[in-house]
Amino acid sequence: MASSSPPAPAPDPSVVAIFGPTASGKTVVAEALAGRVPAETVSADSAALYRGLPILTAAPPAGTRLAGGFDLDAEVSVGEFARLAHEAIDEIVAAGRTALVVGGTGLYLRAALAELTLPPPPEPGARERWARLYDRLGAPAAHALLAERDPAAAERVHTNDRRRVVRALELAEAGASLAPERDVLWTEETRHPTLIVGLDVEPDELDRRIETRTRAMFDAGVVDEVRAAVAGPLSSTARKVMGLELVADLGEAAYEPLLQATRRLARYQRKWMRRIPGLVSVPADRSADEVADAILALGRPGQRVPAHRAGSDG
């Protein structure tokens, strides 16, 4: 009997994605990695897309792709971000370098790495119109209407989940669905061979880092920065930047509410780490250099991050 040949080794990852909660050290770890392999960084942070709020958003260093690319009055959808991220990653990989995709927003990270089927943005006023209908009809009748228009979405959404019922009705009207036929959000599919790592910091240490970062933001003048920003036009997506409204409304008194809100966000991000398919957790209670070395050592044989890629100048 002829012996079967061994399986071909997995290709080297041309993309390394770094996910983690706020204050876990994503930016400095990416910088340490870029000092070890020929690489460029792509931001997958929805807040860092905007210029004008470098303190509030803890903006990544100059040269990071997609960071600070939009004025605060620009509407930026996930679909627009995905298009720009794919272009940037493809350029980096085509040049023989490793693309370091860095962020703490699970949806944006997956949108950068994969070809997601993204629903269209709502038409102006559509969400408010469907919300009024939900309230007028009541939850059971609104959900029954959804079941008529999009049975698959109705199966996914609880009758009393007002926000998602409204969104599902809005999508059905636009010819889309909250339950697409093929949903790759929670699969391991990526556009390029990719290593996904999650920076894991113990909760007590993470709380300490968040407190240090929040105090540093106020010491650096975040109140003046935010007041200058809100004096001009802001898009609806820019208004969602975490802490913007809090600091605009409360000034220096926003410190404690922002600290607590950031800690809640970090707990949510830690939950995302458990949901991202293929993610490898890396302990990050140590120096950025040590974390970077641990990332470089990850992977199956043949899947380690190459020290020098074809076409690199290193």
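By convention here, the first residue in the shown sequence is residue 1.
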Do Trp272 and Tyr268 have a side chain donor and acceptor closer than 3.5 Å? yes

Value for CD1 (Ile18) from NZ (Lys26), rounded to nearest 0.5 Å, stands at 9.5 Å

Would you call Glu128 and Arg132 a salt bridge, taking side-chain N to carboxylate O under 4.0 Å as the test? no

Please check if the side chain of Asp150 supplies one atom and the backbone of Ala153 the other of a donor-acceptor pair under 3.5 Å. yes

Are Glu91 and Arg97 close enough for a salt bridge, meaning some N to O gap below 4.0 Å? no

Arg270 (side chain) donor-acceptor with Ala266 (main chain) under 3.5 angstrom: no

Would the distance check show the side chain of His143 and the main-chain N or O of Ala154 forming a donor-acceptor pair, the cut-off being under 3.5 Å? yes

Output the distance between atom CG (Leu66) and atom CG (Asp45), rounded to the nearest 0.5 Å. 11.0 Å

Exactly one of Val247, Leu246, Val241, Ile55 clears side chain to side chain contact (heavy atoms under 4.5 Å, CB included) with Val226, and that residue is Val247

Can you find a heavy atom in the side chain of Leu195 that is under 4.5 Å from one in the side chain of Val197? yes

Side chain of His86, backbone of Ala114: donor and acceptor closer than 3.5 Å? yes

Which pair of heavy atoms, one from Ala112 and one from Val101, lies closest together, and at what distance? CB-CG1, 4.0 Å

Evaluate whether atom CZ of Arg209 has more than 12 neighbouring non-hydrogen atoms of other residues, nucleotides or ligands under 6.0 angstrom away. yes

For Asn160, I'd like to know if atom CG has over 12 heavy atoms of other residues, nucleotides or ligands within 6.0 Å. yes

So does Pro257 get a backbone contact from the side chain of Gln260, meaning a donor-acceptor N/O pair under 3.5 Å? no

Would Gln269 and Thr22 count as a side chain to side chain donor-acceptor pair (under 3.5 Å) here? Give the steps. CA-CA 8 Å; Gln269 290 169 313; Thr22 186; 5.2 Å; no

Does NZ or CZ of Arg51 fall inside the cone over Phe70's six-membered ring, less than 6.0 Å from its centre and within 45° of the axis? no

Side chain to side chain contact (heavy atoms under 4.5 Å, CB included), paired with Val15, selected from Ile92, Val42, Ile196, Val93: Val93

Tightest non-hydrogen contact, residues Ala142 and Leu137, listed as N-CB, 4.3 Å

Polar side-chain atom of Ser235 near backbone of Ala238 as donor-acceptor pair, under 3.5 Å: yes

Has the side chain of Glu115 got a donor or acceptor atom that lies under 3.5 Å from a matching backbone atom of Arg191? no

Within the side chain of Thr194, is there an N or O that forms a donor-acceptor pair under 3.5 Å with the backbone of Thr190? no

Residue Arg163 excluded, over 12 heavy atoms near CZ under 6.0 Å: no

Leu146 CG to Tyr134 OH distance, which is reported to the nearest 0.5 Å: 10.5 Å

Do Tyr108 and Ser43 meet the criterion of a side-chain donor-acceptor pair at a distance under 3.5 Å? no

Is a donor on one side and an acceptor on the other found under 3.5 Å between the side chain of Thr212 and the backbone of Arg208? yes

If you apply the rule side chain to side chain donor-acceptor pair (under 3.5 Å), what do you find for Glu80 with Ser77, and how did you get there? CA-CA 5 Å; Glu80 172 69 1; Ser77 67; 5.7 Å; no

Glu170 and Arg164: salt bridge (Lys or Arg N to Asp or Glu O under 4.0 Å), yes or no, with the steps? CA-CA 10 Å; Glu170 173 189 295; Arg164 296 192 75 210; over 6 Å; no

Checking side-chain polar atoms at under 3.5 Å, does Glu211 have a donor or acceptor matched by the opposite partner on Thr214? no

